[in-house]
Amino acid sequence: MHRLPRAVAVGLAAANIASVAPTLGADEYRVSGVRKVGVVRIAGHTVWLKPKTPVRRLFAMLGYARAGSEIWTEDDFGFEEDEDLVPALAHAFVRQASRALAGGPLRGYVNREDALPLVRGRWRIADQLTRRGGQPLPVEVSFDDYVEDIAENQVLLTAATRLLRLPGVPTDVLGALRRIVRVLDGVSVIPVGAPVPVVRADRRNQRYSLALALGALVLSGSSVEQRAGSVVASGFLVDMWSVFEDFVSAALREAFKPYGGVLVSQYASTLDFAGTVKIAPDLVWVVDGEVRACIDVKYKVEKHGQYPNADLYQIAAYCRRFGLRKGHLVYAAGESEARRIQVVDGPVVEQHALDFSRPMVAVADQLSSFVRQGLRSASASMTD
């Protein structure tokens, strides 16, 4: 139960941030289905959505999901353990961006087209004829320019600019963000809605690696701009279910790699012969066109000693569809030991709860362990 101004309750529901239902009490609402974390400003009120997972664990998950390994250490963050997501992200970004730019902005070659009073690079004869009507000057040319306006700097500048507009960024960080913007004067900001440039890591941009990872995180967070009547919601939110699923997918992809086949996300199939009942398990392991394992990922925690029965119905249906004797459910928290449930005339369902109090590498090893056990079980069932 939460006490909220009516405008805030309307904004949360209108922006699909949470399900909000009124109660009998004045300005009291039942808020459920919150799967995003971050900060949002609604009708003049700042609303913080805090993750169940500590922020340092959240960052570690994000790093592992992006790189397939633990790319950030405790010293890389630069924020306190109990900070909320946006202040923590701002602190971490400023720390790494300042380090990356300490030796000056990176420069690189960019191909440009221009009309100049002299020939530079390649003369574009066709454009000279069509645009200049045969006049010799100016000369239509294309050339490689060695500049600071490259993808690496564009990502950092756009991330800094975006953080400056977010509610909840600490005052001490705002000054550092403005300094980053000044250092990158002359670099282009990535337009709103435009795709973020893909930056390939190499020796040239190695000193930017951590800053770019954090900048990409800033830009990938869902920007909320929602109007419902006179209520406007704006802010920065991250989908926790997506973060959790991306981490589990990355760790399991590494775990399955030695065994061949391919791990497919959101595997499209149907439950009925007519093909009208669509299903899409979170992860399936496919070998020679045949589904050998099925895993569903749930960003949920154990409540009152159990998980929702609907999860069991879902994975049991998937296993029946693919002829599997065992299915797996992976949860964000719960009992450390896997729980086995034998469905009547159906598969065995194993419920795995990950222990995020441990380093990400240890959590990934926990996932690898159940992969090995599952493969032994799958091999035994195939020989029966």
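Below, each value reflects all heavy atoms present in this structure, side chains not excepted, and no hydrogens, waters or symmetry copies.
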Can a donor-acceptor pair be found between the side chains of Gln366 and Asp355 at a distance below 3.5 Å?
no

Nearest-0.5 Å distance that lies between atom CG in Asp27 and atom CZ in Arg6:
10.0 Å

Please determine whether side-chain contact (heavy atoms from CB on, under 4.5 Å) holds for the pair Leu4 and Val31, giving the CA-CA distance in whole Å, both sets of side-chain angles, and the decisive distance to 0.1 Å.
CA-CA 10 Å; Leu4 300 170; Val31 181; 4.0 Å; yes

Hey, could you give me the CD/CD1 distance between Gln351 and Ile341, rounded to the nearest 0.5 Å?
4.0 Å

Donor-acceptor pair, side chain of Tyr267 and main chain of Trp285, under 3.5 angstrom:
no

Going only through I, L, V, M, F, W and Y residues with side-chain contacts under 4.5 Å, is there a path from Val348 to Ile295?
no

Chi angles and distances behind the side-chain contact (heavy atoms from CB on, under 4.5 Å) call for Val155, Val196:
CA-CA 7 Å; Val155 170; Val196 179; 4.1 Å; yes

Tell me whether Arg132 at atom CZ has more than 12 heavy atoms from other residues, nucleotides or ligands lying less than 6.0 Å away.
yes

Side-chain donor or acceptor of Ser368 paired with backbone N/O of Ala364 under 3.5 Å
yes

Are any side-chain N or O atoms of Ser269 and backbone N or O atoms of Ile279, one a donor and one an acceptor, separated by less than 3.5 Å?
no

Taking the basic N atoms (NZ, or NE/NH1/NH2) and the acidic carboxylate oxygens, is any pair closer than 4.0 Å for Glu350 and Arg339?
no

Presence of salt bridge, Asp202 and Arg200, under 4.0 angstrom
no

In terms of hydrophobic clusters joined by side-chain contacts under 4.5 Å, are Trp123 and Leu137 together?
yes

What class does the angle between the rings of Tyr109 and Tyr146 fall in, given that below 30° is parallel, 30 to 60° is tilted and above 60° is perpendicular?
tilted

Hey, is the main chain of Val297 close enough, under 3.5 Å, to the side chain of Asp282 for a donor-acceptor pair?
yes

Check: Asp149 side chain, Ser188 main-chain N or O, donor-acceptor pair, under 3.5 Å
yes

Nearest heavy-atom pair of Ala100 and Ala211: which atoms, and what distance?
CB-CB, 4.1 Å

Strictly distance-based, threshold 3.5 Å: is any side-chain N or O of Asn205 a donor or acceptor partner for the main-chain N or O of Tyr208?
no

Is it the case that atom CZ in Arg253 sees more than 12 heavy atoms from other parts of the structure closer than 6.0 Å?
yes

Leu329 and Leu312: side-chain contact (heavy atoms from CB on, under 4.5 Å), yes or no, with the steps?
CA-CA 8 Å; Leu329 291 167; Leu312 285 171; 4.3 Å; yes

Note, Phe256 side chain near Val371 side chain (heavy atom, < 4.5 Å)
yes

Sub-4.5 Å side-chain heavy-atom contact between Pro170 and Leu174
no

Sub-3.5 Å donor-acceptor pair from the side chain of Asn111 to the main-chain atoms of Asp144, do we have one?
no

Go through the steps for Leu271 and Tyr318 under the test side-chain contact (heavy atoms from CB on, under 4.5 Å), then give the verdict.
CA-CA 8 Å; Leu271 202 59; Tyr318 292 161; 5.5 Å; no

Heavy-atom closest pair, residues Tyr29 and Pro22
CD2-CA, 3.6 Å

Shortest non-hydrogen contact from Ala160 toward Ile180
CB-CG2, 4.1 Å

Ser98 side-chain N/O to Arg95 backbone N/O, donor-acceptor pair under 3.5 Å
no

Which atom pair, heavy atoms only, marks the closest approach of Gln266 to Ala280?
OE1-O, 3.5 Å

Around atom CD of Gln342, are there more than 12 heavy atoms from other residues, nucleotides or ligands closer than 6.0 Å?
yes

Would Lys298 and Gln314 count as having a side-chain donor-acceptor pair, cut-off 3.5 Å?
yes

To the nearest 0.5 angstrom, please state how far the OG atom of Ser142 sits from the CZ atom of Arg120.
11.0 Å

Testing the basics here: between Val169 and Ala90, what is the closest heavy-atom pair and its distance to 0.1 Å?
CG1-CB, 4.0 Å

Indicate yes or no for a side-chain donor-acceptor contact from Thr23 to the backbone of Glu28 under 3.5 Å, with no hydrogens or angles considered.
yes

Under a 4.5 Å side-chain heavy-atom rule over Ile, Leu, Val, Met, Phe, Trp and Tyr, are Val330 and Tyr313 clustered together?
no

Roughly how far, to the nearest 0.5 Å, is OG of Ser249 from CD of Glu254?
12.0 Å

To the nearest 0.5 angstrom, please state how far the CG atom of Leu214 sits from the CG atom of Leu89.
6.5 Å

Taking the side chain as everything from C-beta on, heavy atoms only, tell me whether Val248 gets closer than 4.5 Å to Leu354.
yes

Is a donor from one side chain sitting under 3.5 angstrom from an acceptor on the other, for Asn153 and Glu148?
no

Pro197 to Gln154 - nearest heavy-atom pair and separation:
CG-OE1, 4.1 Å

Find the distance between CD1 (Ile315) and CG (Asp296) and round it off to the nearest 0.5 Å.
5.0 Å

Given 3.5 Å as the limit, does a donor-acceptor pair link the side chain of Arg162 with the main chain of Leu219, or not?
yes

